[in-house]
Amino acid sequence: MPAPKTQEKSFRENVNLAFDLALATLDVPEKLGYYIKCGNNVYQVRFPVKINGEVESFIGWRAVHSEHRLPAKGGIRFAPMVSQDEVEALAALMTYKCALVNVPFGGSKGGLVIDPRKYDEEAMERITRRFAFELIKKDYISPAINVPAPDMGTGAREMAWIASTYSAHKPADIDRMACVTGKPVSQGGIRGRTEATGRGVVFGLREFFRHPEDAKLANLQGTLEGKKIIIQGLGNVGYHTAKILQEEDGSKIVGIIEYDGALYDPKGLDVEKVSQFKQNQGGVKGFKGPKYIKEGALLLEEPCDILIPAAMEGVINLDNVQRIKAKLIAEAANGPVTFDAELILRKKGIVIIPDIYLNAGGVVVSYFEWIKNLSHIRFGRMTRRWEESQNEMLIEAIESKGHKISERLANKLRKGSGELDLVRSGLDDTMREAFQKMREYYWRHDQADSYRIAAMAIAIKLIAASYEEQGVYP
Ligand code: GLU
């Protein structure tokens, strides 16, 4: 993915400018607002790992933005361009995200400067374990204090290594599995976590279209069916978002942008086929059928109903904002639209559903995983058969009165809820409720003239209240 030519302000500054606008709509003491904005601490670590007989040194960070709730929560990113500024900005977004969707965590984020494609699995394991150990030593990984998760360049594999490293160092901690989320299901993970951010994006979009007056803001109406969508990034978040939109909502994915170019077909692309091709070939170049655009980012500028940046920050910026023609921008990535670009988009009447709301599905399901690990039992384990027998009795009672229930309905009714059903239901409920809070604030407060400012204001208000109630001394 090409980096923006003009990153007009640093990522952290972009987040803070939005914070300032949101704070101005609130009655929160200025100095408390300043404290919340700044973030609490950041740990920088440099460590050596021997690879092919040579010592290589790595640098990484774990930033803690807010500890008004513990543990602080947020992913660990493995990427060549990670910086302290980026990690601090992402940690701040985690604080606001968790507050908005009512997940009782503070905000944190980690990053390691590395290109994971350059190392084999064995080297990656050693590097990840060493980084994890450095963080464990300083309590930057612990079930009670700081709980990482996957982010760009990391996934279930890395989380399993982190959990194993923590367990090796703290075997007596009975809650050790809760030290990290996004683990494989066989290692204490939860069903539905991998798809969670993407599914959350879809739940958020569905809720947006359930409010015709909101859809009208973007000159849209109806449902997601048939909507023309361009998506940037077919990684974990982009893939699941696009696949669910195509298969469950009947949306048309007309464009897919990847780091080696973009594919465009006004009739719609087959997300699964493109993803399979990308997995085998390492990119989308050479995929037969749709139009191939070498400079993929140009496709961001194509007219469409919904543009979904699902890759990285700063991709819609002062360089390209004037040419953006989407009606709605759905921020599946963190920080894809810069502050200055957003001011221009607003004038153009383009609506943005902001990251801190729309991509919160990942941390919501991480919260469920953390609870599962602390309770040491899978959701639904004690209730599923009970529900099934109760529902069976209900069917029998209705049918004994001469009403025949169709086989399809009876089968649906018969089914007790398993872990995946409960996770999806909890995620859907959370995303709907948070959207409703955000839109209400937006429609009620003239100064909150975007969903982002409304979402941030709700978050800041909650965090400020939490500090004020607790007092600021230990
Ligand atoms: N990295 C994800 C995010 O940016 C998930 C964080 C988590 O699950 O803690 O929201």
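When a ligand or atom number is given, it counts from 1 through the structure's own listing order.
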Check E419 with R378, please: is the shortest side-chain N to carboxylate O separation under 4.0 Å? no
Salt bridge E88-R62, side-chain N to carboxylate O under 4.0 Å: no
Using a strict cut-off of less than 4.0 Å between a Lys/Arg side-chain nitrogen and an Asp/Glu carboxylate oxygen, indicate whether R452 and D355 qualify as a salt bridge. yes
Kindly write out the residues that satisfy side-chain hydrogen bond (donor to acceptor under 3.5 Å, both in side chains) with K278, not counting sequence neighbours, or none if the list is empty. E258
For K228, the side-chain hydrogen bond (donor to acceptor under 3.5 Å, both in side chains) test, sequence neighbours excluded, returns none
State which residues pass salt bridge (Lys or Arg N to Asp or Glu O under 4.0 Å) with E195; sequence neighbours excluded, sorted by chain then number. R199, R424
If you count only heavy atoms, which residues are under 4.0 Å from ligand 1? K73, G74, G75, M94, K97, K109, A149, P150, D151, R193, N334, G362, V363, S366
